[in-house]
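In what follows, every chain begins at residue 1, and chains take the letters A, B, ... in the order their sequences are listed.
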Amino acid sequence: MVFKPGEIELKLTMIWREKKLYRAVNYSNKPKAYILIEFPYPSGERLHVGHARSYSCLDAVARKKRMQGFNVLFPFGWDAFGLPAENYAVKTGIHPAITTAENIKNSKAQAIAWGLSFDWSREVNTTDPDYYRWTQWIFVQLFKRGLAYKDVIMVNWCPSCRINLANEEVIDGKCERCSTPTLRRKQSQWLLRITRYADRLLSDLSGVDYREDIKRQQVNWIGKKEGIEITYKVVDSDDDITVFTTTPVNFGATFLVIAPEHQFTQKMAKTNKEVREYVEKATNKSERERISEGKIKTGVFTGKYVTNHITGEKIPVWVADFVLATIGTGAVQGCPGHDQRDWEFAKKYELPIPRVVSNPDGDAKDITEEPYVVHIGDKGVMVNSDFLNGMDFSEAMNKTMDYFEGKGWGKRVVDYHLRDWVFSRQHYWGEPIPMIYCERCAREGRSWFDDGSGGRGSYGGGGQEKWNSVGWYPADEKDLPVKLPPVEKYQPSETGESPLAQVTEWLKVKCPGCGSIARRETDTMPNWAGSSWYFMRYCDPHNDQKLADLKKLKYWLPVDWYNGGMEHTTLHLLYSRFWHKFLFDLGVVPTEEPYTKRTSHGMVLGPDGRKMSKSRGNVINPDEVVAKYGADTLRLYEMFMGPFEQAISWSWESMEGVYRFLKRVRRLVNINSNSNSSQEAKWRLARLVEKIDKDLEAMKFNTAVAALMTWINWWGSHRDEVGKKEVEVFVKIMAPMAPFLAEELYQRLMGKTDKWESVHVQAWPTVKTTEAAGRKVTLVVQVDGRVREKFEVEAEKAAEQDYIEELVGKSEKVGKYIAGKKYRSVFVPGKVINLVTENG
RNA sequence: GGGCAAGUGGCGGAAUGGCAGACGCGCAGGUCUCAAAAACCUGUGAGCCGAAACGCUCGUGUGGGUUCGACUCCCACCUUGCCCACCA
């Protein structure tokens, strides 16, 4: 008998679609379950086996929950803006919208063929103007609340892609996409003030159920640090320099170092040739060069001094490129005894290295031979520090902050590793940033903020504290979306301007402020924009009045379970939490946090154990698997291959094993003709139902499949013991994992009836309905911790110590070991009895 | 340099305080067959005793500890993987 999954799967797909089995119903009185998987980029390569893994697993969860009586929302869509389509357009001249539509069509066909139970009526596509209208609307709200602002910043420029990259997109000094070393250059960019939400993004983590390592990564990325900003006055000058520190080592500060980009450096460069030359050299270096030069410290003395408040000593001010302008205040006080970089710098330029912290466990080396590096939380006792002497390192920090604040030398501040989000891209295939710049208003000092009733200024206060918004207006909300116009060339210009800058007709727009001719913003949004709120749109995907109706959002949000890649833990997850909190503050969404629970899947590696890539030739095509073995085999194998969160290599042999299993199930069900089941069959099945339910919730898909296999193995050798009713139960619990075969077998079991009913809308079997009496367990007898005997007893009896002791007393085997010895017993009901002899 | 995770048969892995190696792959033997494939059955951590059964010892990276009992908990170390990183 040859098992040909293809035809049957196609037939069932058609029926399921027709019956609309997977529709999520707004406001149903069933309990809701919103299960979300990250929507993919529809690439020309289509969906790969990695997608199949996490989709299959979460689909099994969604299907099970549906059978358990939940109103399940399990939606899907496309994160379709992105470089591949644009690069393809640059090469071929074909509009990205055309390739994107084609790719979506193909990828969607795959998802359907895999039997994923998405509610396709809620499909979203970030490149659809009806969708990005609301992405733009959110940007406008951010602008109006002062959370979107323009600033000239150093950006990472990829000379090959001709695009500015966010810091997050630069890996090892190289472009994330093409691995070309990036360069630094200045550009005016839109930024989102995510830092204003840093505290809430951090503290609200305590209320969500994210996997521990995911939480930790978010905490580290936000990187909250408490410290003190100390302002030093430059001797014989009106200038001052502010440093940030988290350590109480002021008695050991023997110099100051400032970044090449620092204001005071720029000022000195005008008059000091050495400084000028150093700055030029340093700023021309690419990020990559700076990193690769690593530990070799270079610097130049400015010729200026400041006075160390606490020691009264004159200390020199240096410029060095190991100090980064974007971190802290762009200036540090050098405490060479207790910081690796300061120590190397002091060694090279022969600056004094005093010790102000001692190691309570004893110092091995002289401080000029080796620094004693301490951070808050480390062990350390203050020395040579006057009133701090003898204090613990952390205690001394508190004392120092109080003391400096009291003297007016500095103030306590909280600093974050998190930076504001660079939101501009000079690309075509992205959402146009819906802003308008008017030269005339700029000249005359007008902006959206001081237009109208005057109430806007208070919103704008936050925005204007750091940038000059004059001349800027958001597009009128009635005019959204600002649609992408057709262009002739998709390539960004050499100057780094977006391709949109060439579309003169589109550029020209009436200024909302003064009515004269103004110019549209030509930058587009980054990839992260559309994906920052898509889970809201699924709740109400066709709304043309709002991004989604609040009542529907109240019903569906928060997402109960969100699964996605570990690589999105710091960026996408943080960005979408930020937007969600912002929209919560506006009253647009009903909850503070978007996702109740977040999990992550592991990668599927090639058979050689390495990441799949075209160039290595180790890519497994899921379509090939489906064509040859059927979708159920693909699904079940990807669940079975190993722990969900772990990276696993593809193995054709293991996959064959799963295929064999499915064939066995089919045969056993088809040849079964018993009407009654044995007691053992019943309790085994009851145990299986419980196990599958628990394993799917705990994401232990591999052991869930193994449990199905164990049952089938038992059935195979006890064929007379399984009756029709139990076969039906088995088919039902298999349905979430192998939906096609389960449906086929269920229909055969039901026979021809007037009313066709899918297995996937049947109630999930409960232990009660399967009559789980008479269950046996193995009780282990140990003597001094070693296994000496096993009893097969009924589950209830296994909990009775007297009964077990009696059995033990009768056992010859055990008797051999305890003969003539006194012992006491440790009894664990249902599991083990350990006889501990007195001198054993 | 920092953070996180993980080390178990020939391989992927199971067991998270109570029978170590579930389940699958692979391998060996067998049934069916003219033969092969498929399918099915049996065995499969290492070692010892033995004709066999029964039995015994060792065994989850290394060393220590807690416990009646440790792959599981604690301490130290070694190794690997991933993420972050001149973060003041």
Side-chain angles (χ1 to χ4, degrees), chain A residues 1-3 168 171-172 211-217 219-221 223 225 227 243-247 249 257 259 290-291 293-297 320-324 326-335 338-342 344-345 373 375 415-419 566-567 569-570 602-603 609 637 640-643 645-658 660-661 663-664 667 700 702-713 716-717 778-790 813 816 823-837 840:
Chain A
M1 180 168 54
V2 184
F3 178 28
E168 295 89 295
I171 310 296
D172 250 352
R211 221 174 58 204
E212 236 1 87
D213 53 335
I214 296 175
K215 251 188 208 183
R216 179 118 307 269
Q217 275 200 32
V219 169
N220 290 347
W221 193 263
K225 300 169 279 201
V243 304
F244 175 72
T245 182
T246 57
T247 51
V249 288
V257 198
R290 275 212 200 178
I291 289 168
E293 282 173 12
K295 293 239 144 63
I296 306 155
K297 301 284 175 288
D321 67 359
F322 78 86
V323 173
L324 305 180
T326 53
I327 293 169
T329 57
V332 298
Q333 50 181 18
C335 309
H338 308 286
D339 180 278
Q340 187 68 35
R341 292 152 310 174
D342 295 351
E344 285 166 23
F345 191 74
V373 179
H375 300 106
D415 191 35
Y416 298 92
H417 171 237
L418 187 69
R419 306 278 111 198
M566 207 60 201
E567 71 276 16
T569 303
T570 42
M603 249 190 305
Y637 169 58
F640 183 62
M641 64 198 312
E645 66 284 356
Q646 205 170 295
I648 305 277
S649 315
W650 182 270
S651 156
W652 285 105
E653 291 81 10
S654 285
M655 195 216 65
E656 287 271 2
V658 168
R660 254 174 246 163
F661 162 75
K663 284 193 288 186
R664 254 184 117 191
R667 194 173 334 107
K700 293 165 82 170
N702 51 337
T703 53
V705 177
L708 293 179
M709 289 171 166
T710 306
W711 159 261
I712 283 294
N713 288 346
S717 50
T778 306
L779 198 123
V780 173
V781 185
Q782 300 179 330
V783 178
D784 294 325
R786 282 169 188 277
V787 180
R788 298 301 184 188
E789 174 69 295
K790 296 169 192 176
K813 270 195 227 164
K816 228 164 62 185
Y823 67 90
R824 66 190 172 91
S825 18
V826 179
F827 181 65
V828 183
K831 286 196 166 158
V832 73
I833 184 162
N834 191 7
L835 311 179
V836 186
T837 62

* **Position toward the 5' end of RNA chain B (nearest nucleotide), A:Ala331 or A:Gln217** => A:Gln217

* Structure fact -> Rounded to whole Å, CH2 of A:Trp711 lies from C1' of B:rA22 at a distance of 17 Å

* **Base B:rC68 to side chain A:Asn834, donor-acceptor N/O within 3.5 Å cut-off** => yes

* To do: Examine the base of B:rG18 for any acceptor or donor lying under 3.5 Å from a partner atom in the side chain of A:Gln782, and report the outcome as yes or no.
  => yes

* **Any N/O donor-acceptor pair, A:Lys297 side-chain to B:rC86 base, under 3.5 Å** => yes

* Is any side-chain N or O of A:Lys663 closer than 4.0 Å to OP1 or OP2 of B:rA39? -> yes

* **Gap in Å between the two C1' atoms, one belonging to B:rA22 and one to B:rG30, rounded** => 25 Å

* To do: Starting from the 5' end of RNA chain B, give me the residue, A:Met566 or A:Val705, whose nearest nucleotide shows up first.
  => A:Val705

* Asked: On a whole-Å scale, what distance lies between the C1' atoms belonging to B:rC82 and B:rU67?
  -> 35 Å

* Asked: Which part of the nucleic acid does A:Glu645 contact within heavy-atom distance under 4.0 Å: base, sugar-phosphate only, or nothing?
  -> nothing

* Watson-Crick or G-U wobble partner of B:rC19, both distances under 3.5 Å -> none

* Short side-chain N/O contact from A:Asn702 to OP1 or OP2 of B:rA14, under 4.0 Å -> yes

* Compare all side-chain heavy atoms of A:Met566 with those of A:Ile214 and state whether any distance is below 4.5 angstrom. => yes

* Base-pairing assignment for B:rC48 (Watson-Crick or G-U wobble, both under 3.5 Å) -> B:rG55

* May I ask you to verify if any side-chain N or O of A:Arg664 is less than 4.0 angstrom from the OP1 or OP2 atom of B:rC41? => yes

* Asked: Quick one: is A:Lys813 getting a side-chain N or O under 4.0 Å of the B:rC54 phosphate, OP1 or OP2?
  -> no

* Asked: Hey, does A:Lys816 reach any base, or is it just sugar-phosphate, or nothing, if we go heavy atoms under 4.0 Å?
  -> nothing

* **side-chain N/O A:Arg341 vs B:rC87 OP1/OP2, d < 4.0 Å** => yes

* Whole angstrom value for the distance that separates C1' of B:rC19 from CD of A:Glu789 -> 12 Å

* Searching all strands shown, indicate the nucleotide that pairs with B:rG1 (Watson-Crick or G-U wobble; both distances under 3.5 Å). => B:rC84

* Should A:Phe244 and A:Asp415 count as side-chain neighbours, where that means a heavy-atom distance under 4.5 Å? -> yes

* Structure fact -> Heavy-atom closest pair (A:Lys225 atom, A:Thr246 atom, distance to 0.1 Å) is CB-CG2, 4.3 Å

* B:rG45: syn or anti, per glycosidic angle within 90° of 0 -> anti

* Asked: Is A:Arg786 salt-bridged to A:Asp784, going by a charged N under 4.0 Å from an acidic O?
  -> no

* Asked: What is the pairing partner of B:rU79, taking Watson-Crick or G-U wobble pairs with both distances under 3.5 Å in any strand?
  -> B:rA6

* Structure fact -> pair_partner(B:rC73), Watson-Crick or wobble, both distances < 3.5 Å, evaluates to B:rG65

* To do: May I ask you to establish whether A:Lys297 and A:Phe345 are in a cation-pi arrangement, using a distance under 6.0 Å from NZ or CZ to the six-membered ring centre and at most 45° from the ring axis?
  => no

* Which part of the nucleic acid, if any, lies within contact of A:Arg788, taking any heavy atom under 4.0 Å across all strands shown: a base, the sugar-phosphate backbone alone, or nothing? -> sugar-phosphate

* Beyond-backbone contact of A:Leu835 with A:Tyr823, side-chain heavy atoms, under 4.5 angstrom -> yes

* To do: Please tell me if the side chains of A:Arg664 and A:Asn713 come closer than 4.5 Å, counting only heavy atoms from C-beta onward.
  => yes

* Among B:rC87, B:rA22, B:rG13, which is the nearest nucleotide to the side chain of A:Ile327? -> B:rC87

* For B:rG55, does either OP1 or OP2 sit under 4.0 Å from a side-chain N or O belonging to A:Arg786? -> no

* Asked: Which is true for A:Lys790 with a 4.0 Å heavy-atom rule: it touches a base, it touches only sugar-phosphate, or it touches nothing?
  -> base

* Structure fact -> B:rA28 -> Watson-Crick or G-U wobble partner, both distances under 3.5 Å, gives B:rU42

* Assign A:Val826 to base, sugar-phosphate, or nothing according to its heavy-atom contacts below 4.0 angstrom with the strands shown. => base

* Specify the separation, in whole Å, of atom CD1 of A:Ile214 and atom C1' of B:rC83. => 13 Å

* Asked: Does the separation of the ring centres of A:Tyr416 and A:Trp221 fall below 6.0 angstrom?
  -> no

* Asked: Has A:Gln340 got a side-chain N or O lying under 4.0 Å from the OP1 or OP2 atom of B:rC86?
  -> no

* To do: Just call it for A:Asp339: base, sugar-phosphate, or nothing, with non-hydrogen atoms closer than 4.0 Å on any strand.
  => nothing

* To do: Identify whether any heavy atom of A:Val836 sits under 4.0 Å from a base atom; if not, whether one sits that close to sugar-phosphate; answer base, sugar-phosphate or nothing.
  => sugar-phosphate

* **Spacing of A:Asp213 atom CG relative to B:rC84 atom P, expressed in whole Å** => 14 Å

* Could you tell me whether the phosphate oxygens of B:rA88, OP1 or OP2, come under 4.0 Å of any side-chain nitrogen or oxygen in A:Lys225? => yes

* Pick base, sugar-phosphate or nothing for A:Ile648, based on heavy-atom distances below 4.0 Å to the nucleic acid. => sugar-phosphate

* Could you tell me the separation between the NZ atom of A:Lys700 and the C1' atom of B:rA14, rounded to a whole number of Å? => 9 Å

* Would you say B:rA85 has OP1 or OP2 under 4.0 Å from some side-chain N or O of A:Asn220? -> no

* To do: Remember a base hit wins even if backbone is also touched, and classify A:Thr245 as base, sugar-phosphate or nothing at under 4.0 Å, heavy atoms.
  => sugar-phosphate

